[in-house]
Amino acid sequence: MTRIALLADHNVASGVFQPKHLEQLRELGTLVVNTDVTRPSKDRVIELLQGADIAITSWGCPSIDESILKHTPDLKLVMHAAGSVKIIVTPELVERGIRVSSANDPLGVGVAETALGLTIAAVKRMWPLSYNTRNGGWEEGKNQIREMYELKIGVVGAGRAGRHYMRLLQQFDVELLLYDPIISFQEAASLGAMKVELDELLQQSDVISIHAPSIPETDNMFDARAFSLMKDDAVIINTARGSVINESELAVELQKGRFTACIDVTEQEPPDLNHPFRKLDNVILIPHIAGAVNNGKHRLGKYSVEEIRRYLNQQPMLGEVNLKSLHVIA
């Protein structure tokens, strides 16, 4: 019978897997659950993986390297009930042909929904208008409101979150511009977007939503030059990674008051108490909530169960990671 080991500690696992998900896993095989409340050490992982065919990892799990793999000859699949698998995957795991799947799909749903919420709230100027109204105003600033109509929305990165964001935007009468060097013009069109170069996207977009992975090629890709190309009164949204934005150069540009930034992720989290993002009126700063939070984490548990079921039924896994392309994914 298939043996499944849930490696994440109890505090993490209980936030992702509801009791019904654990019961569903038990219907698929023998389930071993980590009941510890501290992050699992490599020795603890080895203990849990004895005889296991499938490992379920999540936040806080160590990389599965040779020191673990030499004790786990039966391991065939790692189901990562979180986002990026880069911390988990090692060359030794790849060499052994162990398959890896990620819950990036359901994680991307929350990111995309947050990006859409920020898009609507920013173009409607809800935050400054709310502040003004609470302080006795009413009409001031209403002439600066824009609707989700005939705007150009620029999307940077067509990964799971970027694609879902574009799907959600199909409900609005807006034009989508996409910058992603990996996908073709035809694939962009199938997503309802026009593939453009980054400079064109920056110059034309009323809203720019960043969904690029954190890789060396995207480090500080949004810098002073990029900001200088943006339209006055544009909105830039970052729900991806703090590393893609040069924060000091963005702060300088924001001090001019030309556009608005909605920031969910920063290079250092939390940002310093004196960070300019905390003080500028045209910055909407939220505490890294775009991904799976609270009940949203249950999506990852449900997806992980479904993905393991697909694997056991010899069906294609929807979240399987192409380990040869690990460098260019989030």
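Only a predicted model underlies this, so the values are computations on that prediction, with no experimental measurement involved.
- No more than 12 heavy atoms of other residues, nucleotides or ligands sit less than 6.0 Å from atom CE of Met194.
- Counting only distance, with no hydrogens or angles, the side chain of Glu253 and the backbone of Glu249 share no donor-acceptor pair below 3.5 Å.
- The shortest side-chain heavy-atom distance between Leu191 and Ile183 falls under the 4.5 Å cut-off.
- The one candidate from Leu6, Val45, Val78 that meets the side-chain contact (heavy atoms from CB on, under 4.5 Å) condition with Thr57 is Val78.
- The closest side-chain heavy-atom distance from Arg99 to Met317 is below 4.5 Å.
- Note: Arg125 CZ to Asn143 CG = 8.5 Å, rounded to the nearest 0.5 Å.
- Put simply, the side chain of Asn34 gets close to the backbone of Asp36: a donor and an acceptor are under 3.5 Å apart.
- Judged as a ring-ring contact (aromatic ring centres under 6.0 Å, His included), and not counting sequence neighbours, Phe17 has no contacts.
- Of the charged side-chain nitrogens involved, none lies within less than 4.0 Å of a carboxylate oxygen, so that Asp9 and Arg39 do not count as a salt-bridged pair.
- Hydrophobic clustering, with ILVMFWY side chains joined whenever heavy atoms are under 4.5 angstrom apart, groups Val321 together with Val94.
- Hydrophobic clustering (side-chain heavy atoms under 4.5 Å, transitive across Ile, Leu, Val, Met, Phe, Trp, Tyr) keeps Leu285 apart from Val123.
- Transitive grouping of hydrophobic side chains (ILVMFWY, heavy atoms separated by less than 4.5 Å) keeps Val244 and Leu178 in distinct clusters.
- The backbone N or O of Ala81 sits less than 3.5 Å from a side-chain atom of Ser58, completing a donor-acceptor pair.
- With no hydrogens or angles considered, no side-chain donor-acceptor pair links Ser41 and Asp43 at under 3.5 Å.
- Counting heavy-atom neighbours within 6.0 Å of Asn294 CG, excluding the residue itself, gives a total of 12 or less.
- Ile46 and Ser67 get closest at one heavy-atom pair: CD1-O, 3.4 Å.
- Using a cutoff of 4.0 Å between basic side-chain nitrogens and carboxylate oxygens, Glu306 and Arg309 are not scored as salt-bridged.
- Other residues, nucleotides and ligands contribute at most 12 non-hydrogen atoms within 6.0 Å of the CD1 atom of Ile87.
- Looking at Ile64, Asn322, Val85 one by one, the single match for side-chain contact (heavy atoms from CB on, under 4.5 Å) with Val100 turns out to be Val85.
- Remark: side-chain polar atoms of Arg299 are not paired, donor with acceptor, to backbone N or O of Ala292 under 3.5 angstrom.
- Residue Leu28 holds its CG atom at 7.0 Å from CD1 of Ile308, rounded to the nearest 0.5 Å.
- Salt-bridge formation is not detected for the pair Arg258/Asp233: no Lys NZ or Arg NE/NH1/NH2 atom is positioned less than 4.0 Å from an Asp or Glu carboxylate oxygen.
- Other residues, nucleotides and ligands place no more than 12 heavy atoms under 6.0 Å from the NZ atom of Lys20.
- A donor-acceptor pair shorter than 3.5 Å can be found between the side chains of Ser248 and Asn246.
- Across Ala103 and Ser304, no two heavy atoms sit closer than the pair CB-OG, 4.5 Å.
- Side-chain atoms of Ser214 and Ser243 form a donor-acceptor pair, as typed in the model, at a separation below 3.5 Å.
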Worksheet item: Stepwise, does the side-chain contact (heavy atoms from CB on, under 4.5 Å) test hold for Leu22 with Val305?
Response: CA-CA 9 Å; Leu22 298 180; Val305 174; over 6 Å; no
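- Because its NZ or CZ atom is not both nearer than 6.0 Å to the ring centre of Phe222 and within 45° of the ring axis, Arg241 does not count as a cation-pi partner of that residue.
- Looking only at distances, no side-chain donor or acceptor of Ser209 sits under 3.5 Å from a matching main-chain atom of Val155.
- Without hydrogens or angle criteria, Thr72 side chain to Leu69 main chain gives a donor-acceptor distance under 3.5 Å.
- Using a 4.5 Å heavy-atom cutoff, the side chains of Glu247 and His275 are in contact.
- At a threshold of 4.5 Å between side-chain heavy atoms, the hydrophobic network of Ile, Leu, Val, Met, Phe, Trp and Tyr places Val235 and Ile208 in two separate groups.
- Residue Val156 is not grouped with residue Val207 when hydrophobic side chains (ILVMFWY) are merged at heavy-atom distances under 4.5 angstrom, including chains of intermediate members.
- The main-chain N or O of Phe259 is found under 3.5 Å from a side-chain atom of Asn282 such that the two form a donor-acceptor pair.
- Atoms CG and CG, on Leu280 and Leu254 in that order, are 6.0 Å from each other to the nearest 0.5 Å.
- A salt bridge does not link Glu320 with Arg310: none of the charged nitrogens is closer than 4.0 Å to a carboxylate oxygen.
- Put simply, the side chain of Ile153 does not reach to within 4.5 Å of the side chain of Phe172, judged on heavy atoms.
- Within the 4.5 Å cutoff, the side chain of Lys195 has no heavy atoms near those of the Leu177 side chain.
- Open room surrounds CD on Glu197; 12 or fewer heavy atoms of other groups in view lie less than 6.0 Å from it.
- Taking the side chain as every heavy atom from C-beta outward, Cys262 and Asn238 never approach each other to under 4.5 Å.
- Judged by distance alone, the side chain of Glu140 and the main-chain N or O of Trp138 form a donor-acceptor pair under 3.5 Å.
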Worksheet item: salt bridge (Lys or Arg N to Asp or Glu O under 4.0 Å) between Lys256 and Asp232: does it pass, once the steps are laid out?
Response: CA-CA 10 Å; Lys256 301 174 185 177; Asp232 290 348; over 6 Å; no
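- Between Tyr131 and Asp281, every side-chain heavy-atom pair lies at or beyond the 4.5 Å cut-off.
- Within the structure, the side-chain hydrogen bond (donor to acceptor under 3.5 Å, both in side chains) test picks out the following pairs touching residues 157-169 (sequence neighbours left out): Asp105-Arg160, Thr119-Tyr165, Arg163-Glu187, His164-Arg167.
- No salt bridge links Arg3 with Asp53; every basic N to acidic carboxylate O contact stays at or beyond 4.0 Å.
- Atom CG in Leu168 sits 5.5 Å away from atom CG in Leu116 (nearest 0.5 Å).
- To the nearest 0.5 Å, atom OG1 of residue Thr38 and atom NE2 of residue His10 are 12.0 Å apart.
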Discussion item. Walk me through whether Glu307 and Lys302 qualify under salt bridge (Lys or Arg N to Asp or Glu O under 4.0 Å).
Written reply: CA-CA 9 Å; Glu307 194 78 329; Lys302 176 184 178 183; over 6 Å; no
Practice prompt. Using the side-chain contact (heavy atoms from CB on, under 4.5 Å) rule, take Gln203 and Lys152 through it: C-alpha gap first, then chi angles, then the decisive distance, then the call.
Written response: CA-CA 10 Å; Gln203 291 166 339; Lys152 289 186 177 181; over 6 Å; no
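- Looking only at distances, no side-chain donor or acceptor of Asp173 sits under 3.5 Å from a matching main-chain atom of Tyr149.
- Taken from CG in Leu323 to CD in Glu95, the straight-line distance is 11.5 Å, to the nearest 0.5 Å.
- Within the 4.5 Å cutoff, side-chain heavy atoms of Ile245 are placed close to those of Phe227.
- Classification of Lys70 and Glu92 as a salt-bridged pair fails, no side-chain N sitting under 4.0 Å from a carboxylate O.
- For His288, the side chain to side chain donor-acceptor pair (under 3.5 Å) test picks out Glu269, with sequence neighbours left out.
- For the pair Thr218 (side chain) and Pro213 (backbone), a donor-acceptor distance under 3.5 Å is present.
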Practice prompt. Apply the test side-chain contact (heavy atoms from CB on, under 4.5 Å) to residues Asp264 and Ile284: give CA-CA distance (whole Å), side-chain angles for both, the deciding distance (0.1 Å), then the verdict.
Written response: CA-CA 8 Å; Asp264 177 60; Ile284 309 306; over 6 Å; no
